[in-house]
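The chains referred to below are lettered A, B, ... by the order of the sequence lines, with proteins before strands, and numbering in each begins at 1.
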There are 2 protein chains.
Amino acid sequence: MVVDQLDDAEVDRLFHALADATRRDIVVQAAAGNLSVSALARRYPMSVTAIQKHVAVLESAGLVRKERRGRERIVTTEPASLAAAHQMLDRLEAMWRGRLDRFGGVLSEIPKGDQT
Amino acid sequence: MVVDQLDDAEVDRLFHALADATRRDIVVQAAAGNLSVSALARRYPMSVTAIQKHVAVLESAGLVRKERRGRERIVTTEPASLAAAHQMLDRLEAMWRGRLDRFGGVLSEIPKGDQT
DNA sequence: CTATCGTACAACCGAATGGTTGTAGATCAG
DNA sequence: CTGATCTACAACCATTCGGTTGTACGATAG
C-alpha cells in the first residue's frame, strides 16, 4: 500500500475538502477530466476565482489534479484519493471498535447493521 | 436503509466534524461511552470549554451522543454515523464512476487498486 | 449549609474560510 | 497586431472556527 501513512494534517485537508457541497460536486464533474477551470465555473453560480480556490483546496487535498492544455487548465479527479478517504474511515472505525473490544460488554450494541 | 437521504448540509456537517484531529480522536475515545466531557478534556491540552465545543460539533454531525449521568454528561460514539460517512463516500465514488462510464475510455486508468 | 465539581453559555480574539473585484500575463482567433 | 479568453494572484470583506476567560447553576461531598 502506497497510501498508508496519512498524517493528521493530510486527513484534515482531505475531510475539509470534502466538507463542501460545491467541492464534492466538482470532484464528480471532473471525473472524466475534460473540463477546464472556467468550464467548471460556468456550472456554478459563482465567479471563476471562487472555483479556482475550490479547485486549489481539492488539489492540495490530493482529490484532483490540474494539467495544462493550451491556455486552459484541465481538472481531473484523482481516483486514489477517494480510496484514501475510505481507508481513513476504516482506520477510525477500527480504532473505536478496538476501544470497544478492550472494554468489552457493550459489543452487543453494534450488531453490525445498526441504525440509530 | 434508514440512513439514506443525507442532504448536503448534513454531509457538510459530517465531513467538517471529521476534519479535525482532536475531534477524530474524541470519536475514538468515546467509543466505550464511559467518559464525561471533563474526563475527555483531561486527555487534551485544552480547556473544558474547547472540548465542549468539539463535542457539540460531533453531536450535531450525529457522530456522538451525550447522555446525562448525575452531574456529568457521558459522551458516546454513535455507531451508525461512521457507516453514514462511508455511505457518502460510496455515493460520491459511484457518481464519478458513473461520469467515467458515460464518457468511457478512461476506465483503464482506474484498475481498482491504483495509487498515484 | 458550604465547598467543590461538572456543565452550560456568553463574550471576546486571532486566524482561516468563502466569496468578491481588480489587475496582469499567456494563449488563441482573425 | 488586436482583441477575446483563460488563468493567476493580490487585496478586500463578512462569516465561521478554534480557542480563551468569566460567570452562573445544578449535583455531589463533607
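Checking the phosphate oxygens (OP1, OP2) of C:dT27, a side-chain nitrogen or oxygen of A:R68 falls inside 4.0 Å. An OP1 or OP2 oxygen of C:dT7 is reached within less than 4.0 angstrom by no side-chain nitrogen or oxygen of B:Q52. For the pair A:H16 and D:dT16, the criterion of a side-chain N or O lying under 4.0 Å from OP1 or OP2 is not met. Phosphate contact (OP1/OP2 of C:dG25, side-chain N/O of A:R71, threshold under 4.0 Å): absent. Remark: A:H54 is in phosphate contact with C:dG19, judged by side-chain N or O atoms under 4.0 Å from OP1 or OP2. Side-chain N/O atoms of A:R69 include none lying less than 4.0 angstrom from OP1 or OP2 on C:dT27. Listed pair B:K66 / C:dA8 meets the phosphate criterion, a side-chain N or O lying under 4.0 Å from OP1 or OP2. The side chain of B:S47 contributes an N or O atom lying less than 4.0 Å from OP1 or OP2 of D:dT20.
One interatomic measurement links the two molecules: OH of B:Y44 to P of D:dG18, which rounds to 15 Å at whole-angstrom precision. In this entry the distance linking CZ of B:R73 with P of D:dT28 reads 12 Å, nearest Å. Spacing between atom CD1 of B:I51 and atom P of D:dT21 amounts to 14 Å, rounded to whole angstrom units. Atom NZ of B:K53 and atom P of D:dT20 are 9 Å apart (whole Å). Taking atom CG of A:L35 as the reference point, atom P of D:dT7 lies 11 Å away to the nearest angstrom. The separation between A:M46 atom CE and D:dC13 atom P is 22 Å, rounded to whole Å. Atom-to-atom, CD of A:E59 to P of D:dA8 comes out at 9 Å; the value is rounded to the nearest Å. D:dC17 atom C1' lies 16 Å from atom CZ of B:R13, rounded to whole Å.
Between A:G70 and A:V57, the residue anchored closer to the 5' end of DNA chain C is A:V57, taking for each the nucleotide with the nearest heavy atom. Nearest-nucleotide positions on DNA chain C place A:R23 closer to the 5' end than the other of A:T49 and A:R23. Comparing A:E72 and B:P45 by the nucleotide of DNA chain D whose heavy atom lies nearest to each, the residue mapping closer to the 5' end is A:E72.
At a threshold of 4.5 Å between non-hydrogen side-chain atoms, the residues B:R13 and B:H16 do not count as touching. B:F15 places a side-chain heavy atom less than 4.5 Å from the side chain of B:L89.
Between B:R43 and B:D25, no side-chain nitrogen of the basic residue sits less than 4.0 Å from a carboxylate oxygen of the acidic one, so the salt-bridge criterion is not met.
Remark: the A:H86 side chain and the B:D90 side chain contain an N/O donor-acceptor pair separated by less than 3.5 Å.
With hydrogens and angles ignored, the 3.5 Å screen pairs no side-chain donor or acceptor of B:S38 with any backbone N or O of B:A41.
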